[in-house]
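One structure below.
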Amino acid sequence: MKKGTLLLGGCACFLIFALLCFPEEMLAASAEGVQLWLTKVFPSLFPFLVACGILLRIGAAQRMGAALRPLMQPLFHLPGIAAFPFFFGLLSGYPMGAKLTAQLYGQRQLSLADAQQLLAFSNCPGPLFLIGTVGVGFFGMPAFGYLLWLSAFLGAVATGILFRRKKSVAPLPSASASPYQPLTEVLSASVADALRTILLIGGYLILFAVLSAAMEQAGLFSLLARLLFFLPLSTETLRGLCSGILEMTNGAHLLSLSPDSLRLRLTLVAFLVSFGGLSILGQTFGVLAAMPISKKDYLKGKCTNALFSSLSFFLLYPFFYPYAQKEVPAFFSLTETSFTLSFLWLLPSLFFLVVLFYAIFDRG
């Protein structure tokens, strides 16, 4: 506890020092963080948060869990309801998987042991970020965005299987059905909860954008890159890797500009986006504040997930390289290439939506 306090205090002092020494650069970084939150994170994540809140409050997650128990129980040794945060985490990105896991734990739908195990593989990067931002925006190759998402999915499944307990924990006593709430109350509570979460995410995003800029201005990333000179990587790649450990988006962008081989750079990006960086860790621990989880076990799970994802990408890269066409739209393209690749995320998405509709409308 004392070490953590000293580290946090040291970071705060360093941030104040950077704000005084580099005010213009810090202001620009803060403005960029606000713009990113308002134009990218808020519009994409807020509707998902509201929709998930509504589904949880009307009991759809429980019925979906009953439908997917034959999948989750043998594969991960988890109750069927664990499929809800797992699939939504894959479809919407950070930190949706952690948020939904915390909500299910708070409703006594998951035990602490089940929630801890689920967190190791349910908190994942989303397809909009991987395909749109990284694949198209950074590398100009949507095919690799699809492969990054597929690798994140395969890494999550492998981590879930590796971390499953040998014997399933006895299920919790069935939680009593929630009393009927008027639709206006359900909607108001879901919107309010989503706003609290999105504000927390925005705060962490802006803070780490400023901290990343402070480290860049102070030359810390360059220093770390020089300290790692023994690795067979260029200085630009090392700077991108060090930056990505702090904030994955900036790290992925720097890696897209480095001179090393494309396969190596994208494999490192696969590691960074599956790990999430310290910024995503802060957001995740923020939404998990009410859960007494082991942070050490969560970090172990995320590192394992990142290793599996990067290994999956490295092995699958030769099969996707022929599809790496520049200037091909990521979504809704009529070309044969992008239509084929779209099925990598459309098929699991459609499967999830079919099960979800069945859970909502099946009252039996």
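None of the values given here were measured: they were computed from a predicted structure.
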(message) Please confirm whether the ring centroid of Phe76 lies under 6.0 Å from the ring centroid of Phe86.
(response) yes
(message) Whether the side chain of Ser30 engages the backbone of Met26 through a donor-acceptor N/O pair (distance < 3.5 Å, no angle test) should be reported.
(response) no
(message) If I compare all heavy atoms of Asn123 with all of Ala98, which pair ends up nearest, and what's the gap?
(response) OD1-N, 3.4 Å
(request) For the pair Phe285 and Tyr298, name the ring-plane relationship: parallel under 30°, tilted 30 to 60°, perpendicular over 60°. (result) perpendicular
(message) I'd like to check Leu264 versus Ser261 (side-chain heavy atoms, cut-off strictly below 4.5 Å). Are they in contact?
(response) yes
(message) Please tell me whether Leu71 and Leu162 are part of a single hydrophobic cluster in this structure, the criterion being side-chain heavy atoms less than 4.5 Å apart.
(response) no
(message) Tell me every residue that passes side chain to side chain donor-acceptor pair (under 3.5 Å) with Thr237, counting only those two or more places apart in sequence or in another chain.
(response) Ser234, Ser258, Asp260
(request) Kindly give the heavy-atom pair with the smallest separation between Ile198 and Trp37, and that separation in Å. (result) O-NE1, 3.1 Å
(message) If you compare all heavy atoms of Gly301 against all heavy atoms of Thr159, which two are closest, and at what distance to 0.1 Å?
(response) O-CG2, 3.8 Å
(request) Starting at CG of Leu147, measure out to CG of Leu266 and round the result to the nearest 0.5 Å. (result) 8.0 Å
(request) Return the minimal non-hydrogen interatomic distance between Leu90 and Trp149, and the atom names on each side. (result) O-NE1, 3.1 Å
(message) For a quick test of reading the model, state the closest non-hydrogen atom pair linking Pro142 to Val136 and the distance between them.
(response) CB-CG2, 3.8 Å
(message) I'd like to know whether Arg239 forms a salt bridge (Lys or Arg N to Asp or Glu O under 4.0 Å) with Glu216, so could you lay out the CA-CA distance, the side-chain angles of the two residues, the decisive distance to 0.1 Å, and finally the verdict.
(response) CA-CA 9 Å; Arg239 285 182 63 239; Glu216 181 68 35; 2.5 Å; yes
Please set out all donor-acceptor pairs under 3.5 angstrom arising from side-chain atoms of residues 310-319, sequence neighbours excluded.
{"unit_1": "Ser310", "atom_1": "OG", "unit_2": "Ala306", "atom_2": "O", "d": "3.0"}
{"unit_1": "Ser310", "atom_1": "OG", "unit_2": "Leu307", "atom_2": "O", "d": "3.0"}
{"unit_1": "Ser312", "atom_1": "OG", "unit_2": "Phe308", "atom_2": "O", "d": "2.9"}

(request) Calculate, to the nearest 0.5 Å, the distance between atoms CG and CE belonging to Leu278 and Met248 respectively. (result) 12.0 Å
(request) List for me each residue that meets salt bridge (charged side-chain N to carboxylate O under 4.0 Å, His left out) alongside Arg265, sequence neighbours excluded, and say none if there are none. (result) none
(request) Share the residues that join Leu20 in a hydrophobic cluster, the rule being Ile, Leu, Val, Met, Phe, Trp or Tyr side chains under 4.5 Å apart at the heavy-atom level. (result) Ile16
(message) Could you tell me if the side chain of Phe144 sits less than 4.5 Å from the side chain of Val134, heavy atoms only?
(response) no
Please output the side-chain donor-acceptor pairs of residues 286-295 that fall under 3.5 Å, not counting sequence neighbours, one pair per line with the distance.
{"unit_1": "Ser294", "atom_1": "OG", "unit_2": "Asp297", "atom_2": "N", "d": "3.2"}
{"unit_1": "Ser294", "atom_1": "OG", "unit_2": "Asp297", "atom_2": "OD2", "d": "3.4"}

(request) Please name the pair of heavy atoms, one in Tyr105 and one in Leu110, separated by the smallest distance, quoted to 0.1 Å. (result) CD1-O, 3.5 Å
(request) Determine yes or no for a side-chain-to-main-chain donor-acceptor pair under 3.5 angstrom, with Ser256 supplying the side chain and Phe139 the backbone. (result) no
(request) For residues Pro125 and Tyr94, determine if any side-chain heavy atom of one lies less than 4.5 Å from a side-chain heavy atom of the other. (result) yes
(request) Can you run down the salt bridge (Lys or Arg N to Asp or Glu O under 4.0 Å) pairs that involve residues 77-106, sequence neighbours left out, and say none if there aren't any? (result) Lys99-Asp193
(request) Flag yes if Leu254 and Leu211 sit in one hydrophobic cluster, no otherwise; membership is Ile, Leu, Val, Met, Phe, Trp, Tyr, and two members link when side-chain heavy atoms are under 4.5 Å apart. (result) no
